[in-house]
S.K.: 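My structure is below; once you've seen it, I'll send some questions.
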Amino acid sequence: MDEERAIRTGDMVDNALAVARTVLSRAPLFDGHNDLPWVIRIDRAARGDVLAYDLLRVHEGADTDIPRLREGIVGAQFWAAFQPTSASHPARTTMEQIDLIRRIEEAYPDVFLPARRASDYEKAKARGKIASFIAVEGGVGLENSLSPLRVWHAAGVRLMTLCHNESLDWVDSATDAPRNGGLNAFGRAVVGELNRLGIVIDLAHTSHEAMRRVLDVTEAPVALSHSNAFSLCDHPRNAPDDVLRRLRTNGGLVMATFVPGFVSQPLRDWLRRSRDGYGKAPLAADPKAQFSELEAKHGTAPKATLLDVADHIVRLVETAGVGQVGIGSDYFGGASPVGLENVGRFPHLFAELVRRGFSERDLEKLSSLNVIRVLRRVERVGERLRKTRPPALGRLEDYPGA
Ligand SMILES: [Zn+2]
């Protein structure tokens with residue numbers, strides 16, 4: 001039986017899916033990363049209008065909507081206020097995307113609970129809602145100032161991915177040339193202020209060196225909201241073993257992601273042809289056409305599958321510990337692994353983990369308990385630091401050596 005058929009039929013030959021659904025109804029999935037806000041922004045018809053996009057209907061061909069969030073037993077979501085680093089007006093764009101997430105919450109009050117604290121997960125669960133958490137993906141919107149951090153926090157932001165695919169003036173990206181030895185003095189001030197505010201520091205997208213430098217100075221647990229094991233797929237976006245092991249002492253977590261090029265080594269190798277030395281694709285006007293062109297030249301691309309994602313979860317657990325792993329799908333309206341085409345498919349991933357021998361208690365940790373623990377601890381550290389430390393002020397140029 002080929003892998004694709006195995007995934008399709010696996011749930012029919014055992015009761016793993018039933019076990020997975022029971023576990024997820026006790027501990028609904030807390031997903032670390034979803035780019036729906038950007039999908040709504042660039043949708044040709046909706047153009048950022050949440051009501052026009054209409055999340056109540058199934059979006060065939062896309063990956064995220066309310067019916068399938070329900071089917072996937074999703075209990076909480078970090079929505080990404082993302083923008084490409086190259087976007088003009090970065091501060092404005094970040095603000096617009098935070099606003100878009102808040103408009104999702106406002107448009108469907110019976111579905112989403114605006115979540116600003118770890119305890120909101122339980123509150124949402126008790127009311128049959130999905131806890132909606134706001135994340136900023138990419139610190140380019142700071143425009144090298146610390147002030148926006150406090151404004152974002154006031155707007156509800158509770159996690160920040162330090163950079164995206166490009167290095168900034170203060171932190172190095174996994175997919176770009178290093179400029180700051182990982183993290184410079186201003187970058188350390190950003191980390192300190194995130195600690196003080198009680199915002200989770202997200203090391204997805206940072207260089208391995210930046211991950212290490214942040215772990216050296218952070219006073220609170222960190223997250224890698226959508227990253228896999230570098231030892232299984234050597235894309236620089238994935239986390240190396242030394243960083244994964246340090247998560248145990250830091251108390252943080254790594255959230256396994258579904259992005260095919262970070263999941264499957266054969267696909268990663270196939271894609272090297274179209275990537276730069278850092279594994280980054282040059283911006284294409286039409287990525288789908290670009291992909292078909294590559295396939296015409298080099299033959300069909302290897303596929304990433306749900307089974308590969310399960311392999312990463314097993315490896316992450318072996319390396320970092322079962323208390324340090326979660327799920328960060330990174331559904332972004334693009335390619336996803338076979339068997340994980342949309343947010344309705346989470347129970348099928350958990351069914352595979354049941355088959356791999358995870359206990360129900362450990363599956364609850366992966367599903368939500370670990371990320372809630374991190375949020376709670378980050379909150380407590382913030383409360384403590386705000387009593388003793390004044391807000392960090394200034395801009396990049398005020399940090400000598402930065
Ligand atoms: Zn990302």
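All ligand and atom numbering here is 1-based and tracks the order in the structure.
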S.K.: Please determine, by modelled atom types, if Ser264 and Asp308 share a side-chain donor-acceptor pair under 3.5 angstrom.
M.R.: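 Per modelled atom types, Ser264 and Asp308 side chains form no pair under 3.5 Å.
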
S.K.: Would one find an N, O or S atom of Asp35, in either backbone or side chain, under 2.8 Å from the Zn ion (ligand 1)?
M.R.: no

S.K.: To the nearest 10 degrees, how large is the angle at the Zn ion (ligand 1) between His205 NE2 and Glu137 OE2?
M.R.: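 It rounds to 90°.
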
S.K.: So, do Phe133 and Tyr121 have ring centers that fall under 6.0 Å from each other?
M.R.: no

S.K.: With a cut-off of 2.8 Å, does any N, O or S atom of His226 fall short of it relative to the Zn ion (ligand 1)?
M.R.: yes

S.K.: Is it true that Asp269 and Arg272 have a side-chain N and a carboxylate O under 4.0 angstrom from each other?
M.R.: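 So Asp269 pairs with Arg272 through a salt bridge.
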
S.K.: Do Arg245 and Thr319 have a side chain donor and acceptor closer than 3.5 Å?
M.R.: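 No.
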
